[in-house]
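Taking it in order: structure first as structure tokens, then the write-up.
Indexing begins at 1, ligand by ligand and atom by atom, following the structure's order.
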Amino acid sequence: MIPYGRQSINEDDIKSVELALKGELLTTGPLVETFEKNLSEKVGAPTTVVSSGTAALHCAYAAIGIEQGDEIITPPITFVATQATAASLGAKIVFVDVQKDTGNINPELIAKAITPRTKAIVAVDYAGHPAELNELKSIADNHGLYLIEDAAHSIGSTYKGKPIGSIADITTFSFFPTKNLTTGEGGAVSSTNPKLLSRAKRFARQGLVREPDQFRLVNDGPWHQEVHEFGLNYRLPDVLCALGISQLKRLEEFKKRRREIFAYYTAEFSDLDWLQLPIERSYVSSNWHLFPIRVPHERRREIFDKLRNQSVGVQVNYIPAYRHPAFSEYKIESKLYPASEEFYSREISIPMHAGLSDNQIELVAAIVKSLY
Ligand SMILES: *Cc1c(COP(=O)(O)O)cnc(C)c1O
């Protein structure tokens with residue numbers, strides 16, 4: 001099976017992890033800071049690392065102080081972690097439909113979803129293609145809301161020349177093996193707002209305050225540390241940071257290959273009138289995480305099965321999040337989200353990752369072209 005997404009691990013990655021294993025500290029050691037520093041340079045904003053993309057979202061929501069009854073505005077076409085982590089802090093999830101072409105949240109539909117309880121607009125860079133960040137940022141600023149960007153798919157992408165991570169109030173990343181770079185499990189939170197970043201970082205480290213100038217209790221000695229707000233343990237260990245440090249050096253090479261594959265599939269499929277291709281706006285440069293094609297919905301299942309039967313590892317990204325039974329209390333009417341419903345009913349993600357060989361992508365393209 002040619003998987004739709006997969007990690008790319010080389011000898012340098014292995015060496016880096018081996019060295020970390022032979023080091024003094026397996027966690028809370030110096031590689032955490034090195035990875036954070038290197039990531040900050042890459043994404044253009046101070047960054048802290050955490051144990052998953054889900055943890056990163058949870059930290060982002062904790063940092064903006066989500067409380068019971070607050071609302072967040074999110075797109076349905078995403079992995080449900082975007083919503084689950086806010087819901088776990090008591091947020092009410094408000095869905096806004098997506099753009100038909102990118103699958104990203106549609107900025108034109110946001111204003112009418114804003115209420116006095118709205119706290120944040122949460123964008124997802126579906127498939128690696130950045131959302132309409134300038135429009136979203138100005139809506140958020142005009143209404144006194146935070147813009148959070150779930151960039152689980154898009155590390156290495158740029159928007160109007162700026163790296164993803166440097167634009168939203170808080171950006172979250174995932175380093176799961178199918179994503180654009182991996183630490184096995186892992187994630188990161190970036191923000192140019194030092195207060196938000198330090199609150200996120202504390203939440204990921206049990207809420208511990210170790211800076212003497214911030215102590216509220218009497219400082220009894222060098223062992224003293226205190227907790228002002230409860231946190232969790234979302235630390236990323238040095239062993240995994242070692243992999244991240246090495247993977248990050250390869251990010252541009254990964255992006256180059258992902259974009260080559262994007263260009264190849266786009267050229268191969270351009271005259272297939274039954275197949276709709278993903279597009280890229282002129283002002284972005286996507287580090288393509290997925291290659292989402294859209295096929296006639298009445299034949300989606302058949303095409304999906306045919307591809308899997310011929311060893312093409314396909315996936316569907318994603319079932320609209322509001323359809324999950326966890327949202328049953330919301331009594332959401334799917335007809336309010338026609339673009340998301342249509343997107344989901346026709347989508348298939350075909351193999352896209354940096355480790356695909358020319359032979360493999362030629363084989364995938366030939367099989368896709370023989371389907372209809
Ligand atoms: C993968 C993913 C997450 C969660 O990341 P994990 O590292 O798997 O916890 C969140 N949002 C989106 C859009 C994702 O694709």
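Distances between N or O atoms of Ala81 and those of ligand 1 include no value under 3.5 Å. Where the criterion is an N or O separation shorter than 3.5 Å, residue side chain and backbone included, Thr78 fails it with respect to ligand 1.
A ring pair (Phe, Tyr, Trp, His ring centres under 6.0 Å) with Tyr322 holds for exactly one of Tyr337, Phe327, Tyr330; it is Tyr337. Residue Lys256 is tested with Glu253, Glu252, Glu260 for a salt bridge (charged side-chain N to carboxylate O under 4.0 Å, His left out); the sole match is Glu260. When each of His289, Arg6, Met352, His353 is paired with Thr178, the side-chain contact (heavy atoms from CB on, under 4.5 Å) condition holds for His289 and for no other.
Look at His289 and you'll find every heavy atom at least 4.0 Å from all atoms of ligand 1. For Tyr318, the closest heavy-atom approach to ligand 1 falls below 4.0 Å.
Every atom of ligand 1 with a heavy atom of Lys179 under 4.0 Å away is listed here by number and element: 1 (C), 2 (C), 3 (C), 5 (O), 14 (C), 15 (O). Against a heavy-atom cut-off of under 4.0 Å, Ser52 is close to the following atoms of ligand 1: 7 (O), 9 (O). Those atoms of ligand 1 with a heavy atom of Ser174 less than 4.0 angstrom away are 1 (C), 5 (O), 6 (P), 7 (O). Remark: ligand 1 atoms within the under-4.0 Å shell around heavy atoms of Asp150 are 10 (C), 11 (N), 12 (C), 13 (C). Every atom of ligand 1 with a heavy atom of Thr54 under 4.0 Å away is listed here by number and element: 4 (C), 5 (O), 6 (P), 9 (O).
Atom 12 (C) of ligand 1 has its nearest heavy-atom neighbour, among Gly186, Ser154, Ala152, in Ala152.
Between Glu341 and Arg323 there is a salt bridge, with a side-chain nitrogen of the basic residue lying less than 4.0 Å from a carboxylate oxygen of the acidic one.
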Applying salt bridge (Lys or Arg N to Asp or Glu O under 4.0 Å), run through Lys100 and Glu342 and close with a yes or a no.
CA-CA 8 Å; Lys100 283 184 174 172; Glu342 209 235 17; over 6 Å; no
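Taking the centre and axis of the six-membered ring of Phe291, the NZ or CZ atom of Arg258 falls outside the cone set by 45° and 6.0 Å.
Contact record, Pro163 with Lys42: CB-O, 3.6 Å, taken as the closest heavy-atom pair.
Scanning all protein heavy atoms for the shortest distance to atom 15 (O) of ligand 1 gives His153 NE2, 2.8 Å.
Taking the six-membered ring for Trp, Phe175 and Phe35 have ring centres closer than 6.0 Å.
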